[in-house]
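Notes follow once the structure below has been shown.
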2 protein chains.
Amino acid sequence: MAETARHPEPRYGNRPTMKDVAARAGVGLKTVSRVVNSEPGVTPDTERRVQEAIDALGFRRNDSARVLRKGRTASIGLVLEDLADPFYGPLSRAVEEVARAHGALLINGSSAEDPEREQELVLALCARRVDGLIVIPAGDDHRYLEQEIKAGIATVFVDRPGRIDADMVLSDSFGGARQGVAHLIAHGHRRIGFIGDQPRIHTATERLRGYHAAMTDAGITVEDSWVSLGSTDPDRVRLAAETMLSAPEPVTALFSGNNRVTVTAVRVLAGRERPVALVGFDDIELADLLGITVISQDAAAVGRTAAEHLFRRLDGADHAPARVELPTRLIPRGSGELRPS
Amino acid sequence: MAETARHPEPRYGNRPTMKDVAARAGVGLKTVSRVVNSEPGVTPDTERRVQEAIDALGFRRNDSARVLRKGRTASIGLVLEDLADPFYGPLSRAVEEVARAHGALLINGSSAEDPEREQELVLALCARRVDGLIVIPAGDDHRYLEQEIKAGIATVFVDRPGRIDADMVLSDSFGGARQGVAHLIAHGHRRIGFIGDQPRIHTATERLRGYHAAMTDAGITVEDSWVSLGSTDPDRVRLAAETMLSAPEPVTALFSGNNRVTVTAVRVLAGRERPVALVGFDDIELADLLGITVISQDAAAVGRTAAEHLFRRLDGADHAPARVELPTRLIPRGSGELRPS
DNA sequence: GTGAAAGCGCTAACAG
DNA sequence: CTGTTAGCGCTTTCAC
């Protein structure tokens with residue numbers, strides 16, 4: 001086991017390189033490269049000999065070197081809030097499928113809704129020179145990214161606009177919330193509560209705006225106590241809901257701002273005697289059986305669209321940054337059609 | 001915009017390199033490297049000048065080159081079945097958290113339960129020289145991986161054993177299923193149906209084995225028509241369930257082999273007049289409100305454990321491959337406590 | 001405290 | 001059809 005003094009720790013477990021393969025096959029380095037990359041200009045016989053050496057040695061091309069030379073990593077980064085959130089699973093999978101179709105791998109990171117962590121992740125991805133980046137912004141200051149984008153890392157913002165000039169794929173939060181609240185109003189409600197995510201988050205405020213729009217359309221004056229924005233922590237949401245429902249003049253319906261809020265709201269309502277109407281933003285698995293009326297957005301479509309835009313950029317498209325807004329859909333299942341008691 | 005003839009396409013959008021920074025700061029290349037990597041031996045004054053050049057140029061270290069030199073990519077690969085499956089979201093997130101704590105990024109890929117695609121993914125990850133690999137096997141032949149493992153890519157198999165000698169983290173599928181079926185038997189059922197995933201999948205057969213064990217323990221002879229293995233496609237599961245429930249001597253209870261099967265089973269049962277008992281493997285969001293009794297496995301714990309094992313290997317542990325089996329937990333919520341009608 | 005030189009493993013360019 | 005050379009941007013080594 002005599003190792004050279006220069007490399008006391010064998011790299012990559014001493015994997016064979018193209019040079020080793022070339023030596024064993026008795027050909028030049030470039031010929032091996034040709035075989036490995038299926039480039040033309042190698043006789044079947046030479047190819048066979050090279051292939052044998054590859055198999056015998058267990059050679060596997062080192063993509064790090066390749067990347068360094070070619071300048072493309074064939075990988076894209078996806079920074080989202082939380083991979084464990086059922087909304088982001090399908091989104092992520094859709095991005096992955098598109099990436100796969102383009103021969104790229106997906107590096108995934110969760111920001112946990114922390115702007116610093118988002119930046120840290122994005123910059124790490126940039127240092128890896130991912131070809132492109134799909135970001136669901138946690139923070140609202142993306143100046144740190146401008147440099148990177150200018151330097152050539154294609155970027156698409158998803159779900160929330162990124163405050164800088166780049167492609168964007170969003171769901172129609174405003175319109176969806178407005179429709180959902182209008183639906184409750186149409187069923188006789190006037191005292192409607194809104195429980196949403198932190199106001200720092202764009203979708204949260206957009207949905208709140210939709211709520212206000214629907215209320216205003218109906219000539220209803222919103223009382224402060226009907227609105228609660230904050231973390232989606234179950235305890236926080238539970239308290240907010242209980243408070244609205246136990247007030248002297250309680251709300252008769254709730255609009256929940258996203259899937260995390262909805263599941264807690266459903267649990268709270270399940271524990272109460274008087275039925276309270278509910279419409280939630282985002283569909284949830286088994287919501288059909290529970291009869292939960294929702295505003296559904298297609299997470300997979302969002303992811304797919306974003307990824308397609310990204311690869312269009314990578315393939316050279318250089319039109320002005322596009323802003324795509326995907327429609328939402330109201331799915332009535334019972335909870336949103338309850339009348340005030 | 002006169003570019004050199006050799007590089008018609010600017011790499012990385014012509015990003016500055018350490019050399020550029022060095023030139024601008026009027027120092028040597030190595031000094032820049034020292035500053036970038038916070039190595040000691042640089043005067044505060046020099047450091048400041050270098051830092052200024054870095055900021056002015058918008059320099060960001062190219063990790064591809066670093067990786068090539070250092071032999072470690074600070075990234076790990078996770079190959080699972082489907083990122084969109086609610087079981088894998090939390091698992092993936094848990095892996096990511098551990099990776100993050102070790103300064104590594106996560107490259108994620110879905111095999112879609114296709115052995116070829118699994119292999120393709122794994123080999124792509126190996127070519128990138130990920131430091132480690134967590135694989136939820138789709139296929140059952142992993143000889144292609146032996147070479148890679150020998151070459152130094154630490155590997156942990158998750159959820160299903162990988163048929164080769166490596167670390168493994170599993171849930172107790174056999175024990176969990178046995179307990180779940182025994183629970184149904186304890187509530188008076190004898191004609192119990194089992195609907196599971198494809199027999200190619202290890203957990204599917206383990207859970208079936210658990211079913212048989214519980215039935216045997218109770219002296220019940222299982223009839224062929226009570227067992228159905230196959231894809232988790234809703235149509236397939238629906239048909240299987242309907243068939244068992246509509247037989248001349250119908251089953252009075254169902255055990256569903258995973259979360260995908262359970263959601264369809266719940267829908268089928270919801271549409272029937274006579275109540276049928278159900279216990280499902282894997283917990284599901286809102287299952288509490290629907291009163292679904294489940295055998296719960298902690299996806300996050302599985303992911304965390306696997307990742308911790310992996311990094312222990314990467315940090316030099318070289319004990320014999322370990323096999324960890326995580327316990328499951330029966331959560332009675334009503335559907336499993338129904339008596340035969 | 002600092003820097004020049006070599007080289008990681010590969011691909012681009014160019015000769016033969 | 002094949003091989004040689006240079007160099008991607010960084011870290012390592014070693015000399016100053």
Side-chain angles (χ1 to χ4, degrees), chain A residues 3-23 25-50 54 57 59-74 126-129 151, chain B residues 3-23 25-50 54 57 59-74 126-129 151:
Chain A
E3 281 160 354
T4 58
R6 298 182 82 91
H7 301 308
E9 301 215 11
R11 319 188 172 299
Y12 312 121
N14 270 336
R15 296 197 76 138
T17 69
M18 281 192 181
K19 203 173 151 194
D20 301 325
V21 174
V27 300
L29 179 57
K30 180 65 198 175
T31 302
V32 177
S33 173
R34 288 201 179 89
V35 172
V36 169
N37 297 300
S38 311
E39 284 169 24
V42 183
T43 25
D45 184 58
T46 318
E47 173 163 3
R48 192 185 39 71
R49 268 166 47 230
V50 170
I54 288 176
L57 261 31
F59 168 81
R60 185 96 46 212
R61 181 181 66 199
N62 184 334
D63 277 348
S64 298
R66 163 171 241 250
V67 158
L68 181 57
R69 199 59 241 246
K70 301 203 74 133
R72 285 225 159 185
T73 54
C126 289
R128 305 256 165 151
R129 299 296 190 269
Chain B
E3 281 157 355
T4 59
R6 298 181 82 92
H7 301 310
E9 301 215 9
R11 320 187 173 296
Y12 310 120
N14 269 334
R15 295 197 76 136
T17 70
M18 282 193 181
K19 202 172 151 197
D20 301 324
V21 174
V27 300
L29 180 56
K30 178 62 202 177
T31 300
V32 177
S33 174
R34 288 202 179 89
V35 172
V36 169
N37 297 301
S38 312
E39 284 169 22
V42 183
T43 26
D45 183 58
T46 318
E47 172 163 5
R48 192 183 41 71
R49 267 165 49 229
V50 170
I54 289 176
L57 260 30
F59 169 80
R60 185 97 45 212
R61 181 181 66 198
N62 184 334
D63 278 347
S64 298
R66 164 170 242 247
V67 157
L68 180 58
R69 202 55 243 250
K70 301 203 73 135
R72 284 224 159 185
T73 54
C126 290
R128 304 256 165 150
R129 300 294 191 268

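Every chain is numbered from 1 and lettered A, B, ... according to where its sequence line falls, protein lines coming before strand lines.
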Atom [atom1] of [X] to atom [atom2] of [N]: distance rounded to whole Å?
X       : N      : atom1 : atom2 : value
A/Lys19 : D/dT5  : NZ    : P     : 13 Å
A/Asp20 : C/dC8  : CG    : C1'   : 13 Å
A/Arg66 : C/dA12 : CZ    : P     : 8 Å
B/Leu29 : C/dA4  : CG    : P     : 9 Å
B/Asn62 : C/dC10 : CG    : C1'   : 14 Å
B/Arg61 : D/dT11 : CZ    : P     : 6 Å
B/Lys30 : D/dT13 : NZ    : P     : 10 Å
B/Met18 : C/dA6  : CE    : C1'   : 17 Å

Using the side-chain heavy atoms of B/Leu68, tell me which of these nucleotides is nearest: C/dC8, D/dT11, C/dC10. C/dC8
For residues [X] and [Y], report the shortest heavy-atom separation together with the two atoms involved.
X       : Y       : value
A/Leu68 : B/Ala65 : CD1-CB, 3.7 Å
B/Val67 : A/Ser64 : CG1-OG, 3.0 Å
A/Glu39 : A/Val42 : O-CG2, 4.2 Å
A/Met18 : A/Leu29 : CB-CD1, 3.3 Å
A/Val21 : A/Val32 : CG1-CG1, 3.8 Å

Using a strict heavy-atom distance below 4.0 Å, which residues from residues 31-47 of chain A are in contact with DNA chain D? A/Thr31, A/Arg34, A/Gly41, A/Val42, A/Thr43, A/Thr46
Is there, by distance only and without an angle test, a donor paired with an acceptor across the side chain of A/Arg69 and the base of D/dG7 below 3.5 Å? yes
Interatomic spacing from CG in B/Asp63 to OG1 in A/Thr73 - rounded to 0.5 Å: 11.0 Å
Can a donor-acceptor pair be found, under 3.5 Å and without considering hydrogens, that links the side chain of [X] to the backbone of [Y]?
X       : Y       : answer
A/Arg49 : A/Ala25 : yes
B/Thr43 : B/Asp45 : no
A/Asn37 : A/Arg34 : no

Start at the 5' end of DNA chain D and walk down; is the nucleotide closest to A/Gly26 or to B/Ala65 reached first? A/Gly26
With each end axis built from five pairs of C1' atoms, what bend angle do you get for the helix from C/dG1-D/dC16 to C/dG16-D/dC1? Round to 10°. 30°
Within the pair B/Lys70 and D/dT12, is there a side-chain N or O less than 4.0 Å away from OP1 or OP2? yes
